[in-house]
J.: 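Quick one: this structure, given as structure tokens, is what I'll be asking you about.
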Amino acid sequence: MKIFTALLGTETNTFSPFATGYQNFNQTYLVRGGQHGEHPSTFAVPLVIWKRRAQERGWQVVESLAAFATPAGLTLRKVYEAYRDEILADLRAAMPVDAIFLNLHGAMIADGYDDCEGDLIAAVRKIVGPEAPIGVELDLHCHLTQLTVDQATAIITFKEYPHIDFAERAEELFIIIADTLAGKVKPHMALYDCQMIGVFHTTREPMKSYVADMQALEGREGVLSVSLAHCFPWGDVPEMGARTLVITDNRADYGAEVAQSLGQKLFAMRDQLVPDYLTIDEALDRAVAALDQKGPVVLADVSDNSGGGAPNDSTFILRRMLERGVTNAAVACIWDPIAVALAMEAGEGATFDLRLGGKMGPMSGDPVDLQVTVSKVVEEAHQYLGQGDDRGLAKLGQAAALKTAGIDIVVNTHRTQTFSPEAFSCVGIDPTQKQILVVKSMQHFYAGFAPIAADILYVAAPGAMLPHFDQLPYRRINRSMWPLMAGQSQE
Ligand SMILES: [Zn+2]
């Protein structure tokens with residue numbers, strides 16, 4: 001047997017102020033021929049697992065492009081087309097292949113392509129013909145389009161948000177495709193449109209039990225896999241929206257029944273799913289009131305999460321903390337390569353005046369002018385995402401810790417959200433000793449920070465990922481979905 005694997009992904013925020021191009025892929029993840037190194041990036045973990053499982057069976061593995069860009073605005077057309085065509089050329093050269101494994105994100109939008117994944121999978125299908133199984137792993141923040149489902153053989157999305165389960169889902173997909181090749185199963189996918197959008201944290205109820213219920217259905221009555229595509233609400237394309245997907249062993253009617261009942265169950269829970277978003281002052285009031293608790297209060301700056309395409313350099317929360325005289329606090333990470341370069345040049349212990357953040361546009365707020373002292377600089381800083389042995393390394397680039405007026409600020413050169421406490425400790429800040437931690441992240445921070453946090457607050461500051469959907473300037477989505485449909489308010 002011979003399998004072919006590739007990774008191509010980003011999560012396109014059509015409201016983000018800057019395009020996704022070669023430089024972003026280059027800086028985030030761009031590997032050819034399986035050179036993933038000894039400690040694979042989170043993006044490469046599924047590819048490494050598929051290769052390991054295939055080689056255990058004595059199969060041949062052809063690894064094509066592995067390319068991922070930190071979420072930002074619309075992907076440049078020439079960039080998407082070049083990467084797609086590179087994968088297709090590799091595939092043609094590798095033919096005949098028995099199965100294809102694609103690690104995609106599922107919310108990549110390029111100039112001229114609303115559905116990059118559907119386009120890519122359809123092109124792969126054209127080359128390999130109708131019989132070869134195509135297995136696809138997607139982020140749950142995907143636009144699970146009809147074309148994608150029609151052209152692939154089996155699709156599995158992550159179940160957990162934060163995404164701590166990409167390795168388990170890769171293992172499951174491998175088994176379904178291997179069993180298909182062995183003639184043991186005949187996957188059939190049933191898709192159901194939930195008619196809703198939102199952000200659904202699986203760390204709390206009722207989603208926690210919903211995930212457990214999805215898992216309980218698997219392996220019974222011919223159900224091979226159950227996925228919920230949460231949707232990515234900052235991608236303004238016609239097929240954006242939550243969908244359930246059930247793969248059965250050729251039980252089309254039963255699969256459709258399960259997909260529908262799961263979708264209706266999600267819709268029925270809709271009001272309980274909306275996270276409790278606070279204003280900046282509400283969050284700071286609660287954090288200050290909780291100061292005698294054990295451990296820091298974590299404030300998630302969800303609107304400036306580069307994991308969803310925001311710039312990651314906004315200053316709204318920092319400015320308000322400075323105005324209010326908040327101390328014993330730390331902020332990670334503000335993407336500001338110029339500030340990092342100045343800190344590197346000045347060196348540890350140096351004090352100087354700095355204009356920080358707020359550079360990428362109105363959604364970043366205004367820069368703040370500060371006197372800072374450099375407490376530490378690191379040439380190659382890292383944090384982690386995931387769990388156990390399969391947790392992936394996530395780079396921060398060059399990083400510096402800056403001290404000002406009782407607040408420690410981590411600035412870095414690789415635009416990324418904050419995943420784990422290492423984002424602080426890598427530059428010598430002990431996050432457990434702070435009373436307030438501000439992290440730029442929507443939800444991925446949760447797995448890493450929950451164990452040290454006294455409380456976790458979600459803050460809807462201004463920004464490119466504002467979580468109030470009725471305030472987003474949508475032009476192309478289906479507006480009949482909850483919570484946008486007439487007569488329904490969001491909360
Ligand atoms: Zn996601």
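Counting convention: from 1, in listed order, for ligands and their atoms alike. Here the structure is a predicted model, which is why all the values come from computation and not from measurement. Keep in mind that the numbers below use all heavy atoms, side chains included, and drop hydrogens, waters and symmetry copies.
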J.: Can you spot which of Gln35, Arg32, Lys51 makes a side-chain hydrogen bond (donor to acceptor under 3.5 Å, both in side chains) with Glu63?
T.: Lys51
J.: Of all N/O/S atoms in His163, which lies nearest to the Zn ion (ligand 1)?
T.: NE2
J.: Does Tyr161 form a side-chain contact (heavy atoms from CB on, under 4.5 Å) with Phe200? I'd like the steps, not just the answer.
T.: CA-CA 7 Å; Tyr161 184 37; Phe200 315 127; 5.9 Å; no
J.: Quick check: of its N, O or S atoms, which one does His141 have closest to the Zn ion (ligand 1)?
T.: ND1
J.: Find, among atoms of Asp139 that are N, O or S, the one nearest to the Zn ion (ligand 1), and state its name.
T.: OD1
J.: A cation-pi test, strictly: NZ or CZ of Arg169 under 6.0 Å from the centre of the six-membered ring of Phe166 and no more than 45 degrees from its axis. Yes or no?
T.: no
J.: Would you check if the Zn ion (ligand 1) lies under 2.8 Å from any N, O or S atom of His105?
T.: no
J.: Go through it in stages, so that I can follow the logic: the residues are Asp313 and Arg415, the test is salt bridge (charged side-chain N to carboxylate O under 4.0 Å, His left out), and I'd like the CA-CA distance, side-chain angles, deciding distance and then a yes or no.
T.: CA-CA 9 Å; Asp313 75 336; Arg415 193 172 64 87; over 6 Å; no
